[in-house]
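Naming convention: chains lettered A, B, ... in sequence-line order (proteins, then strands); numbering from 1 in each chain.
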2 protein chains.
Amino acid sequence: MSIHSTALSAAFKRFSFHVLKSASLRQFVSQSRAISQRAQQQHIPLSSKTQTVQTLAPSAVSTKANISSSAKTLMSQDQITESLSKMDISPIYTSDKTGSDDKGEGTLDNPFKTPLQAMRHWGKEPFPTIYVDSKEEGEKFSVISQAQMKKITKIYQREASKAESKIKKEAEEAAKRAANLEESKSIVISEDPALPAASASKINGLSQYRGQRVKVYGWVHRLRRQGKNMMFVVLRDGTGYLQCILSDNLCKTYEALLLTTESSVRIFGTLKEVPEGKSAPGGHELDADYWEIVGRSPAGGVDNVLNVESNSDVMYQNRHLWIRGENMSKILKVRHATIKAFRDHYYDRDYVEVTPPTMVQCQVEGGSTLFKFDYFGEEAYLTQSSQLYLETCIPALGNVYCIAQSYRAESSHTRRHLSEFTHIEGELPFITFDQLLEALEDLVCDTAQRIMDSKYGQLVLDLHPEFKVPQRPFKRMDYREAIAYCKEHDIKKEDGTYFEFGDDIPEAPERKMTDMIGEPILLCRFPKAMKAFYMQPDLADPIVTESVDLLLPNVGEIIGGSMRIYDEKELYAGFKREGISPDNYYWYVDQRKYGTTPHGGYGLGLERYLMWLLNSNNVRETCLYPRTADRCKP
Amino acid sequence: MSIHSTALSAAFKRFSFHVLKSASLRQFVSQSRAISQRAQQQHIPLSSKTQTVQTLAPSAVSTKANISSSAKTLMSQDQITESLSKMDISPIYTSDKTGSDDKGEGTLDNPFKTPLQAMRHWGKEPFPTIYVDSKEEGEKFSVISQAQMKKITKIYQREASKAESKIKKEAEEAAKRAANLEESKSIVISEDPALPAASASKINGLSQYRGQRVKVYGWVHRLRRQGKNMMFVVLRDGTGYLQCILSDNLCKTYEALLLTTESSVRIFGTLKEVPEGKSAPGGHELDADYWEIVGRSPAGGVDNVLNVESNSDVMYQNRHLWIRGENMSKILKVRHATIKAFRDHYYDRDYVEVTPPTMVQCQVEGGSTLFKFDYFGEEAYLTQSSQLYLETCIPALGNVYCIAQSYRAESSHTRRHLSEFTHIEGELPFITFDQLLEALEDLVCDTAQRIMDSKYGQLVLDLHPEFKVPQRPFKRMDYREAIAYCKEHDIKKEDGTYFEFGDDIPEAPERKMTDMIGEPILLCRFPKAMKAFYMQPDLADPIVTESVDLLLPNVGEIIGGSMRIYDEKELYAGFKREGISPDNYYWYVDQRKYGTTPHGGYGLGLERYLMWLLNSNNVRETCLYPRTADRCKP
């Protein structure tokens, strides 16, 4: 950028430190940047990127010197065209028929649409020769007419003058701010020792201090200045939000002028009920009498990193800042409430919580999605499911559950897969398949009811106003019926044929069916060949298993469950079918040797449950720091 | 074992399927096994293992044929010695001075202590030549005297005859049992349709059914037969224990005779209050009127695998069976209650639970204990601590905590290290170091109080009758004072010198000091150079950090905590000191950029807390399936 010597370049430099406020101004600045880049390109060694430019500007004359000298003289367009042509400045091509102001480059091959864009592109008078569509047959371009040039130059000048005055105004304001800032250093505030002592409190504990003096720590969540003498700060401390009013000298100090969102502060003042007709979080606001900065934040706060234009990759790259936003912190709080609801459900129903190991030497869901690692010289894996371990606990503890991380090396990018997810798993001895289905209904409905009845229920409604706890019993549908349903409702495979018994119904058609039916579905009795080695065959129809997926509208499958094989020989047959060596499963087999029993269980994906609860579009949103094939940080 | 043709070998074979009841009988059988092995060794090709044998028995005559033929004839000891010597049977050496009955092998180099052991070793008459210490000077061994041989042979015969009659009795009993078993097949029981319908219940829900007919599923925890007509079963279903009385035909069926502990059954009957003066779990017992077997268990139940003689490796190899025992299931239930107590503590104090990722690309506790794995082509690690992630949550959620697995590739075997453990971590914004210390006291005392107040408090007292919730405040001691304490109380380093400022105090001396002081200690302000990159220096004494370890009697450290560096530059200096590249920590640094704040937190090892609570000797006991350097299964 060493050649930025024009006024526009200087303006650009100044601007780059300010938020660009209007689209036209942004465009203007981006154009001035484009000019500099173009000029620079004409100096730098040729590369494939600059090949087009090179074709049009074969000489290596110093454009910078020419432009600055030419800028000092007033010349007619003819003189300009002539002198530019002498200087070997490339002309700019425009074509109303084939050009584009957006994507064009002003070259013969890729012209702009309008001459105005050509002028903007060049950025300042005098302009090089501008070509437009020729009216002569056989000729593609001709030089723009003088009349048109004159007319469009006027439009350009108006546009440029507006931007210039805006820049000037900004400069004046900046100078004023700098003066104010300098002056502000002399304004020092201090806590008035005559005031009553302030009680320290978190925001959600403030109600008891109405009318009293308090001190509150937090981050500046929102900030609004009103004239010189008033500043409104919405303070956030994780437990809630508090509106604070800083007036007079409190908003004139150096730190007050520099204050930005996400700074951390401590504010002292009197907690006052908000006047009738007005509203504020908690129904009160803090009339500040003193405040201190704790930690500053860069100008613009988080908005410089995360804003409406940030793409998803930037958002997840900066998830540590994103979670400070209102929606994301609500989701995380509902997640907290949801985990608690699950635990309370289990506690009330006498399940014992256990902590199975996550470093294992066995697989549950197939070898292709195992994360492998070296365990003191042996091959080990990150667990895919704690199910097998839960099964071993039922003779010791009865009904058991765990809430633990499970891992799947899923390289596919879908909206409902993570490589690490929170797996809520339960295992129940001495039950029937029907009792398992009832346990699932109870789990989903009771936990949802608990969340809605808690203080977090309102957050769910904030994020998903239509949410309702579903009715029991859920629709029960056999896999065979689902195959028939798809045929009847013209839901087809990717190859255009209908699903047949034995076909796996993938996510998309499953979602289609679930959304058509529009209520929770307990999809039961999948074919043996489709399912894991441990699933109990249905004795009445041994080609299928006593297995179930719970499908919910908007999400699809959130639970997979089954009765487990309890006959030792049958289990060995399962190992054989799936090509698994039973050696590492001796303890799982023992379960069938020492007092086996019919039993069943399930695994629920917490992130998917939250997708359903909060009407979210992606599991990545409902966990703290999502792990996907392309991301393992933050 | 192809040469097992003697009566004793046959007896051994029968025996190996039964529990060995007396020490002498066990010894006897092990001797008969040793003989067979010895005889076999004399046939097999020479190897380094059998070299001693080879030296003593250079010929390859078939010992088996010789022994069985010689056994058919009655001969005098002289004749025997002579004929054995002709057969090249090796003599047996004994030495009262240098031999050992335990470790000796009867060889010249490694003699037994007593001639009786020599006879036991050979296992049956006639015996080979037995040598004893020689009384002649210059001669080491001489052949045993006839008088001594006669006397000891009598002792041997009495011993052998006792064992033989025991074996005979056992054989008769076995035959009787087989006959009974055959007869039992004709006895069929069924539920009497005239009886009122039985209510299904778990054991812990039975109280409401006193005097009524119930049906209960469970595992046979204990089993006692009283005569032919009565059988007592203690049933276990994970929720509790129930004494059941099976009488008359109920204990005469084929399944009743085969019934062993750990079989799963369903028992129907009337629930009766136990008579005054008698006790049973729950205060009632089930007078059974019908029962069914659900799943059998091998003869002897779990006792064949796990018994008082099993070593620790066998115990952990079979931990899936071990946890069915009373003590282990109590520990797991207290663990369940403890996790709940922690969560309730945090909920009451307005902490938000979060779920940090466990697959990470950063380290917290030093690179040497990282488990590494391939994450879609990038190097990733299993988390050592969720602390850094928790810190990023405080501006969004305020006080936060997590209960998650942490991993340490610790190859050392100590009683308080696991490669995977349950890590309870909290992080608090806007606090001082003193407030952090108070939070730790509150955490430990409040959770312990909650456990003791819950229905699981009694289980704690069952396992640790002296347990008392500790008093607050805890003793506070600076690291500097600990160094002085060690000097004053003569606690030294391994090299015999005293600890100096800057030395790490390892587990053993730390335990010594903690046990001497005999109460919880908050050990504070460790030197900066000893601690992790993120620890906040003490501004009053910057050579030390605002760090703390909570030490408890019997365990040592259960919590490590500190205030965290909140100045960005200071943090970079910490990275530099520890040689860590900050690139993967940009999000952690951002925490200091966007509204930094003094904050602190800690990590508590749940398994160590349980060691303290239950007076357990090893962290492996207080988790479900421990992971140590030598074990990754079950």
Side chain, backbone, both or neither: which part of [X] has a non-hydrogen atom closer than 4.5 Å to chain B?
{"X": "A:E379", "result": "neither"}
{"X": "A:V302", "result": "both"}
{"X": "A:L388", "result": "neither"}
{"X": "A:Q317", "result": "both"}
{"X": "A:C362", "result": "neither"}
{"X": "A:D237", "result": "backbone"}
{"X": "A:L382", "result": "side chain"}

Quick one: of [options], who has the most non-hydrogen atom pairs under 4.5 Å with chain A?
{"options": "B:D374, B:L606, B:N584, B:V400", "result": "B:N584"}
{"options": "B:I323, B:D567, B:I293", "result": "B:I323"}
{"options": "B:P395, B:G218, B:P357", "result": "B:P395"}
{"options": "B:A396, B:G325, B:G205", "result": "B:A396"}
{"options": "B:G240, B:A337, B:G398, B:A200", "result": "B:G398"}
{"options": "B:G295, B:G595, B:G238", "result": "B:G595"}

Side chain proximity check, [X] to [Y], heavy atoms < 4.5 angstrom:
{"X": "A:T355", "Y": "B:I339", "result": "yes"}
{"X": "B:V294", "Y": "A:T596", "result": "no"}
{"X": "A:D350", "Y": "B:T239", "result": "no"}
{"X": "A:L332", "Y": "B:V352", "result": "no"}
{"X": "A:F376", "Y": "B:S411", "result": "yes"}
{"X": "B:Q361", "Y": "A:P634", "result": "no"}
{"X": "B:Y351", "Y": "A:H336", "result": "no"}

Flag the one option from [options] with the top tally of heavy-atom pairs under 4.5 Å to chain B.
{"options": "A:R236, A:K593, A:E378, A:R343", "result": "A:R343"}
{"options": "A:S329, A:A380, A:P298, A:G377", "result": "A:P298"}
{"options": "A:I203, A:N204, A:V265", "result": "A:N204"}
{"options": "A:T358, A:T597, A:T392", "result": "A:T358"}
{"options": "A:E353, A:R319, A:E262, A:K333", "result": "A:E353"}

Practice problem: Would you check, one step at a time, whether the test side-chain contact (heavy atoms from CB on, under 4.5 Å) holds for A:Q405 with B:Q405? | Solution: CA-CA 9 Å; A:Q405 301 305 93; B:Q405 301 305 92; over 6 Å; no
Quiz item: Can a cation-pi geometry be assigned to A:K455 and B:Y347, taking NZ or CZ under 6.0 Å from the six-membered ring centre and within 45° of the ring axis?
Solution: yes
Quiz item: Quick one: what part of B:K372 sits under 4.5 Å from any heavy atom of chain A, side chain, backbone, both or neither?
Solution: backbone
Exercise. Using non-hydrogen atoms and a 4.5 Å limit, figure out which bit of B:I403 sits close to chain A: side chain, backbone, both or neither.
Key: neither
Quiz item: Among A:F371, A:Y381, A:Y407, which one satisfies ring pair (Phe, Tyr, Trp, His ring centres under 6.0 Å) with B:F373?
Solution: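 Running ring pair (Phe, Tyr, Trp, His ring centres under 6.0 Å) over A:F371, A:Y381, A:Y407 with B:F373 returns exactly one hit, A:F371.
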Exercise. Taking atom types as modelled, find out whether A:Y594 and B:S264 have a side-chain donor-acceptor pair closer than 3.5 angstrom.
Key: no
Just jot down the side-chain hydrogen bond (donor to acceptor under 3.5 Å, both in side chains) partners of [X], sequence neighbours excluded, or say none.
{"X": "B:D344", "value": "B:K340"}
{"X": "A:T260", "value": "A:S263"}
{"X": "B:S419", "value": "A:Y375"}

Quiz item: Is it true that A:Y586 and B:H320 have ring centroids separated by less than 6.0 Å?
Solution: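 Between B:H320 and A:Y586, which both carry aromatic rings, the centre distance is below 6.0 Å.
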Exercise. Verify, without hydrogens or angle tests, whether A:E420 (side chain) and B:M359 (backbone) share a donor-acceptor contact under 3.5 angstrom.
Key: yes
Practice problem: Without swapping roles, check the side chain of A:R335 against the backbone of B:V354 for a donor-acceptor pair under 3.5 Å. | Solution: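 A pair under 3.5 Å: no.
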Self-check item: Residues in residues 623-633 of chain B that sit under 4.5 Å from chain A, counting heavy atoms only
Solution: B:L624, B:Y625, B:R627, B:T628, B:A629, B:R631, B:C632, B:K633
Practice problem: Name the orientation class of the two ring planes belonging to B:F430 and A:W219 (parallel below 30°, tilted from 30 to 60°, perpendicular beyond 60°). | Solution: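 Because their plane-to-plane angle lies in the 30° to 60° range, the rings of B:F430 and A:W219 count as tilted.
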Practice problem: Starting from the C-alpha separation in whole Å, work towards a yes-or-no answer on salt bridge (Lys or Arg N to Asp or Glu O under 4.0 Å) for A:R296 and B:E568. | Solution: CA-CA 11 Å; A:R296 289 187 196 163; B:E568 191 184 343; over 6 Å; no
